[in-house]
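To keep things clear, I will list the structure first and then write my remarks on it.
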Amino acid sequence: QLRLMESGGASVHTGGSLRLSCAASGDTYSNYCIGWFRQAPGKGREGIAAIHKDGSIIYADSVKGRFTISQEAAKNTLYLQMNSLKAEETAMYYCAADPLYEDARYFLEWPAKILYWGQGTQVTVSS
């Protein structure tokens, strides 16, 4: 069973940067579609970026050009580099993984069936 643990959340000012990490144990990321989601208070869950096990990468339009998803196989860790952060991006950030999604876009847009989730890490962006 895959277990996910996020870290790296913090409080930053508008325009700042953060790098989130998600360490996996119990299996290797290469067997999964993996990605990042966020949920702000009172709002629904939003898919941010994902990497399919075929290597394809997709980003939500709202973060293109500012966020970068990557993975380090040797550490079995997923990253999300976030630059030029905005106040409205204050949220709990979650990593997620599933072995069966057939493409990254579907993983981001229809996450209801994603099997594995981390506990989340809080990102607060203030002006």
Considering all heavy atoms, the nearest Cys33-Ala104 contact: SG-CA, 4.1 Å

Thr68 side chain near Leu80 side chain, heavy-atom distance below 4.5 Å: no

Beyond-backbone contact of Ser7 with Thr121, side-chain heavy atoms, under 4.5 angstrom: no

Cluster link Leu108 to Tyr59, ILVMFWY, side chain under 4.5 Å: no

Whether Asp98 side chain and Leu115 backbone form a donor-acceptor pair below 3.5 Å: yes

Heavy-atom pair of closest approach, residues Arg38 and Ser62: NH2-OG, 3.7 Å

Min side-chain heavy-atom separation Gln71-Ile34 under 4.5 Å: yes

Shortest non-hydrogen separation from Cys22 to Tyr29 and the atoms involved: O-OH, 3.0 Å

Step-by-step side chain to side chain contact (heavy atoms under 4.5 Å, CB included) determination, Ser127 to His13: CA-CA 5 Å; Ser127 56; His13 291 296; over 6 Å; no

Tyr93 versus Glu6, closest heavy-atom pair with distance: O-OE2, 4.0 Å

Between Tyr79 and Glu72: side-chain donor-acceptor atoms closer than 3.5 Å: yes

4.5 Å side-chain heavy-atom contact, Leu85 and Thr90: no

Parallel, tilted or perpendicular: rings of Phe37 and Phe107 (30°, 60°): tilted

Separation of Leu100 CG from Ile114 CD1 (nearest 0.5 Å): 11.5 Å

CZ (Arg105) with more than 12 external heavy atoms under 6.0 Å: no

Heavy-atom pair with the smallest gap, counting every atom of Gly9 and Leu20: N-CD2, 3.6 Å

Nearest-0.5 Å distance that lies between atom OH in Tyr94 and atom CH2 in Trp36: 12.0 Å

Side chain Asn76, main chain Ala24, donor-acceptor under 3.5 Å: yes

Glu88 atom CD: more than 12 heavy-atom contacts under 6.0 Å: yes

Inter-residue atom distance Gln122.CD - Met92.CE, 0.5 Å rounding: 5.0 Å

Any donor-acceptor pair under 3.5 Å from Tyr106 side chain to Pro111 backbone: no

Interatomic distance, Tyr116 atom OH to Leu4 atom CG [nearest 0.5 angstrom]: 9.0 Å

Note, Asn31 side chain near Pro99 side chain (heavy atom, < 4.5 Å): no

Pairwise distance CD1(Ile57) to NE2(His52) - rounded to 0.5 angstrom: 12.5 Å

Short side-chain to backbone donor-acceptor contact, Arg66 and Ser84, under 3.5 Å: yes

Nearest heavy atoms of Leu78 and Cys95, plus distance in Å: CD2-CB, 4.3 Å

Within-4.5 Å side-chain heavy-atom neighbours: Gln81 and Ser70: no

Under 3.5 Å donor-acceptor, Tyr101 side chain and Trp110 backbone: yes

Electrostatic pair Glu102:Lys53 at N-O distance under 4.0 angstrom: no

Distance in Å, Ile51 CD1 paired with Ile69 CD1, rounded so as to fall on 0.5 Å steps: 4.0 Å

